[in-house]
Amino acid sequence: MAPGLVEPAVSAESTRSLSSVTTDFDDTLRFYLNGTKVVLDSADPEVTLLEYLRGIGLTGTKLGCAEGGCGACTVVVSQYNPTTKKIYHASVNACLAPLVSVDGKHVITVEGIGNVTRPHPAQERIAKSNGSQCGFCTPGIVMSLYALLRNDPSPSELHVEEAFDGNLCRCTGYRPILDAAQSFSAERSCGKSKANGGGGCCMEQNGVENGDANGCCKSGIDGDSQSIKRFTPPGFIEYKPDTELIFPPSLRKHEFRPLAFGNKRKRWFRPVTLQQLLEIKTAYPSAKIIGGSTETQIEVKFKGMQYTASVFVGDIPELRQYDLHEDYLEIGGNIVLTDLEDIADKAVEYYGETRGQPFAAIKKQIRYFAGRQIRNVGTPAGNLATASPISDLNPVFVASNAILVAKSLDKTTEIPMSEFFMGYRLTALPPDAIIASIKIPVAQEKGEYLRAYKQAKRKDDDIAIVNAALRVQLNEDYTVDSCSLVYGGMAPITIAAKTAVEFLHGKKWTNPATIEGVMNALEQDFDLRFGVPGGMATYRKSLALGFFYKFYHEVLVLLKADQTEIDEQAVGEIERMIFHGKKDHTAGQKYEKRVIGREQPHVAALKQCTGEAQYTDDIPAQKNELYGCLVLSTKPHAKILSVDPAPAFDIPGVVDYVNHEDLPNPQANWWGAPCCDETFFAVDEVFTAGQPIGMVLANSAKQAEAAARVVKVQYEELPAIFTIEEAMQNESYFQHYRYINKGEGAEEHFDDAIWDKADHVFSGIARMGGQEHFYLETNACVVVPKPEDGEIEVFSSTQNPSETQVDVPLRVAANKVVCRVKRLGGGFGGKETRSIQLAGICMAAAVKTKRPVRCMLNRDEDILTSGQRHPFLARWKVAVNKDGRLQALDADVFANGGWSQDLSGAVVDRALSHIDGCYRIPNVHVRGRVARTNTVSNTAFRGFGGPQGLFIAETYMSEIADRLDIPVEELRQINMYEPGDITHFNQELKDWYVPLMYKQVQEESEYARRRAEITEFNKTHRWNKRGLAIVPTKFGISFTAIFLNQAGALVHIYHDGSVLVAHGGTEMGQGLHTKMTMIAAEALGVPLESVFISETATNTVANTSSTAASASSDLNGYAIWNACAQLNERLEPYREKLRQKGEDITMAKLAHSAYFDRVNLSANGFYKTPDIGYVWGPNTGQMFFYFTQGVTAAEVEIDTLTGDWTCRRADIKMDVGRSINPAIDYGQIEGAFVQGQGLFTTEESLWQRGSGTIFTRGPGAYKIPGFRDIPQQFNVSLLKDVAWANLRTVARSRGVGEPPLFMGSAVFFAIRDALKAARSQFGETGLLSLQSPATVERIRLSCADWIVRRAEVRPAEGEKSFFLTI
């Protein structure tokens, strides 16, 4: 295996031109789509598979991120696999897949497997299990499940859970999706399983976990000769694998021909033999070689890269083979990573566990490498050629001394992997060569040890922060003969720790001095500076040291070196169990009515699961439609010296450019509510990176994007402010200022004398980061100008149709603008005001061109322009007596509003009203300001300041408890509000059940027992620590702007007895339309299926409030109820007639009779929330109609050597009153909890200090929780068996959309609890002030152990961090 020059693989030929090489290539694509043959003679070389599918009307497949990170675009590509010699059904990201990649294959989309009339069992079970809320992610999730079932009709529970690692969902919290998917698993679908009423399947009887059984009853091994019937849960369609779409027989015989097609801008080549590929590479060395296109398409989409000649190499069988040699495994360069996983397993089995260590390391790294969709197309060669410094596989290749086989037309060269990486994204691969294969040596039978490590922000589907492959070869006396310590994420390339390697040579592994010497050497190897690109200098350095510490002791364990002190607890990683949990489905039974109170699936769930539900960008193209692309500022604060759109018009297909000069007057450029302080288009100055300057209009979205990139904008940069601290230093605030002052002093105001009377006075700072909405559907809009009277029709993905209607940058009255909303693919507050910006710009463009205009923002554009949850900083001071009773709270609260005010003032107001948490504090004086900075304008987000205020409360409670040395659970209990208490804004607490739920959750979760167990665990475990927390919440329901607390509804009854309802709320996944149809059906006495809601439109219900504040069910529900009451009154005489006749009373009969008597069968309902009317300053009036309440207990385990963690268990109990639909409410609770968990843990927004732009603008950098981040045990229940005597809402229900979000903070405070144990372990007794979010970095750096202390990187004088948090 010595590397070097070997004989050429192909015969030598003179170099020929590319055209002559490809003269005989075919130019026609042939594939099957949903069972139908497709032949494309003139395929567009620049479109992806997703663009092709959506272009022909298959819009069920969605665009969520365009970088393969969310899974919304997942389709299945069935193909003959040349590696396994079998048919494989691959889930792939259509947004990345080039069209050329599907030649000779069968593409299956969500439309191809079922429809609402005949759904596929996967579609039906997800729908009926409430696994679809907004539904935008659902088709992709359905197709991931479908791919799993096609490849394995009886998957294990573990395989089911891992099948979704490339999919994200922002609404559901994943639980109902997993419940639905697990109904197909071998364990849960077995007819003999205990869960299904049997005596126990073989796996249960054998005590096997995760479905890894030696034998299965289905194979007859259990002695039962009869086959076991697959169990189908009641109410579900039976899954019959033999009824699936067949792999087209003609494709089994398909002859893969070399392809060459394209146009002047781009040409694709698809060789099918290695010889053809090498000839192309020789003729055109700079041709872009593409395997999975997982990185190339991102470069094209987001970086504007253009590759005029691309060569797809995924269909060359020679590059997808492998051979198990005596002392090495050789894998083809283009073997897909999914196959490499299986090959690694086979290699371990073939060589044995000891010699197979390199392959076990490969398997481990692949397991958490991206998602399944990426692994189905990604290749080792692509991984190597891109030379990413954070590649998970490359360190293993280098550490195992693998050899890369590079082939060109005239020679084959073997390159040691240790010599392959030359610099950042630079390799030793010759320009005319391709990576043909990699030879990976086996480990020695004795004395050699190799392990791989990785740490990322999120466990699944995430790029590494740092990874490593560590190898050592020891002789018989444990002396180091050779070693490789290879790291990724510590330098611009995959790099060996040379100093540490040199030190280790000849050292005795069992000598305690060895590890100290290596640690010192690693500090020299990785002497990162504070401002290192990528940031996290201390954390990355601590990971490098921590990985070696783990490796060192794992080797000692394997050596059984009794004479050496072994830290066995450093070995291993946190592993999760299969998700499970309980949900109380009996909570609403006492309150069930004919329709209301019963669990019903989301009314559109099945449409969403089959891809038939229509979203804004799914609307068919209008005649003469133009596509818009925004020209955005690239500077955070600058004067605009000039804007030159002329280069854009050189791009074919560009029609026009729109900016502020196209508006009727300067005033028309201004918008914003409640403060009109923002412009649609920047004029002379930009105040944030991502501020719209103009819009390019073209005949296609691609043309518009390309043109927008070449618009020339010249700037003169000005000083910029980013953080709250910088704003405070510069006195940069908006005018909005509010306070609440309540106390026991004169006029019930705060008395400063309280500080002297109290036993203790503590102060501190609470700091909380923002949060990206990350709805799966980005902001989208279609504007259609009408030919008469200046009318405009707007289809917008907005929560606020009425504001969209009136905030028009034109001289058009509201009665000529109709805004229509069918549904949103998620909103969470991010489309309450920020959607208006895009709609207004599109309206201006449509009016100027007199043509329809469409624009759907790319994910990065959406994040740049749409704002986030407000970061908060609070300086608090609390007086408390020695008995633990709070006496006073004084706080200054600051929110980062960004560059315009938007809704920031109201967000701060709500934070001030929730800063008491659930605790009685006699004296409170709190003040709120909005910092003005040069960042994106922050906006509404689920909770709207409530979570920030509640977080401040729980922060001071936690820190006070630590200072008083009492359990925080006890401090909460001592100070908890009781029924009838008065809040600091003078509102009485009625129907107050937090104390009851606090008690119930502790009992139901066995909190005291688990607390004792955790205390014992932490005493006996050095590096892994567990934490437990229980957190209560109260959330005020009502808009704080009183005028918004109103709603209208329009109800029509038709001849046939069907009912059409229109109301002012928008459906964005929260189940609003479902609840509203239930209310109407209940009120009118008709079946639920007789009631329909078509859309939300401003020409049916006028002057609507935005769908927000968790008040939409209350407001719109009562408006519908009132409209139905009017109709019932009109129909009562006809009911009475039918009663007297003894006939069945149906709505069809009633409507028919009433119509012929000329009775109005339409009614307009209206509702306004009573009693409310708070006055700021005097602190009078009622602020909220009521409070939704809840309590959550959470348990976590952290690995203090890495910062990795998992939520072991969560127990949630919410008081939602008498639920209108418990299934919908459970979905809101679970989804909000997981979203809140993300807010307080993984979701960190970062800005690049150098450019002032946001860095975390896509799933690659911004990490919302994934399927395997949810609690391992997830228990949810609703409060029951109490009276809601004062609750005067429709059906006595409570709003539920926002309140549960703060429950996710229980995970944060459980992490804090675990960190306290970790710090105590190493003698750190100082107060822990933990900022939110508790990222893996913050967890690790808070541990205070000797490794993290020696890894500390301090800034040089004047040095600043690479990233900043605002």
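Residues His1063 and Leu1072 approach most closely at CE1-CD2, 3.6 Å, considering heavy atoms. Between Asn130 and His602, the closest heavy-atom pair is OD1-N, 3.8 Å. In this structure, Leu63 and Phe136 approach most closely via the heavy-atom pair O-CE2, 3.4 Å. Smallest separation of non-hydrogen atoms from Leu606 and Pro119: CD1-CB, 4.0 Å.
In terms of modelled atom types and a separation under 3.5 Å, the side chain of Asp1215 and the main chain of Leu1279 share no donor-acceptor contact. Side-chain atoms of Arg854 come within 3.5 Å of backbone N or O of Ile619 as a donor-acceptor pair.
No donor-acceptor contact under 3.5 angstrom links the side chains of Gln608 and Gln133, judged on distance only. Between the side chains of Asp179 and Ser129, no donor N or O sits under 3.5 Å from an acceptor N or O. One side chain, Asp1056 or Ser1058, offers a donor N or O that lies under 3.5 Å from an acceptor on the other. Between the side chains of Ser1106 and Glu832, at least one donor N or O lies within less than 3.5 Å of an accepting N or O. Defined by atom type and a distance below 3.5 Å, a donor-acceptor pair is missing between the side-chain atoms of Lys831 and Ser796. For the 3.5 Å distance criterion, the side chains of Thr1098 and Ser802 fail to qualify, holding no donor opposite an acceptor.
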For this session: Determine, step by step, whether Glu793 and Arg820 satisfy the salt bridge (Lys or Arg N to Asp or Glu O under 4.0 Å) criterion, reporting the C-alpha distance in whole Å, the side-chain angles of both residues, the deciding distance to 0.1 Å, and the verdict.
Result: CA-CA 8 Å; Glu793 191 171 24; Arg820 301 185 185 280; 2.6 Å; yes
Problem set entry | Full working for salt bridge (Lys or Arg N to Asp or Glu O under 4.0 Å) between Lys822 and Asp618 | CA-CA 11 Å; Lys822 186 74 173 178; Asp618 298 338; over 6 Å; no
Problem set entry | Criterion salt bridge (Lys or Arg N to Asp or Glu O under 4.0 Å) on Glu592 and Arg598, from CA distance to verdict | CA-CA 6 Å; Glu592 284 182 3; Arg598 298 180 182 273; 3.2 Å; yes
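To the nearest 0.5 angstrom, Ile126 atom CD1 is 9.5 Å from Leu178 atom CG. How far OH of Tyr775 is from SG of Cys171: 12.5 Å, rounded to the nearest 0.5 Å. For the atom pair Glu124 CD and Ile237 CD1, the distance stands at 4.0 Å (nearest 0.5 Å). Between Arg1218 atom CZ and Leu1278 atom CG the span is 14.0 Å, to the nearest 0.5 Å. The line from OG1 of Thr1077 to CD of Gln600 is 8.5 Å long, rounded to the nearest 0.5 Å. Taking CZ from Arg942 and CZ from Phe828, the interatomic distance works out to 6.0 Å, rounded to the nearest 0.5 Å.
Between Tyr1155 and Ile1053 the shortest side-chain heavy-atom distance does not fall below 4.5 Å. Side chains of Phe1184 and Ile1037 form no contact here, defined as non-hydrogen atoms less than 4.5 Å apart. Here the side chains of Ile1220 and Glu1082 are not in contact, with every heavy-atom distance at 4.5 Å or above.
For Arg594, the CZ atom counts as densely surrounded, since its 6.0 Å shell holds more than 12 non-hydrogen atoms of other residues, nucleotides or ligands. Counting heavy atoms of neighbouring residues, nucleotides and ligands inside a 6.0 Å radius, atom CD of Gln1140 exceeds 12 of them. Surrounding CG of Asn1286 are more than 12 heavy atoms belonging to other residues, nucleotides or ligands, all under 6.0 Å away. A 6.0 Å sphere centred on CZ of Phe1166 holds more than 12 heavy atoms belonging to other residues, nucleotides or ligands.
Under a cutoff of 6.0 Å and an axis angle of 45°, Arg125 and Phe184 form a cation-pi pair.
Here Ser1110 pairs with Glu1298 under the side chain to side chain donor-acceptor pair (under 3.5 Å) rule; sequence neighbours left out.
When Val821, Asn779, Thr1066, Thr833 are each tested for a side chain to side chain contact (heavy atoms under 4.5 Å, CB included) with Thr798, only one passes: Val821.
No close placement of the Phe164 and Tyr174 rings is indicated, their centers lying 6.0 Å or farther apart.
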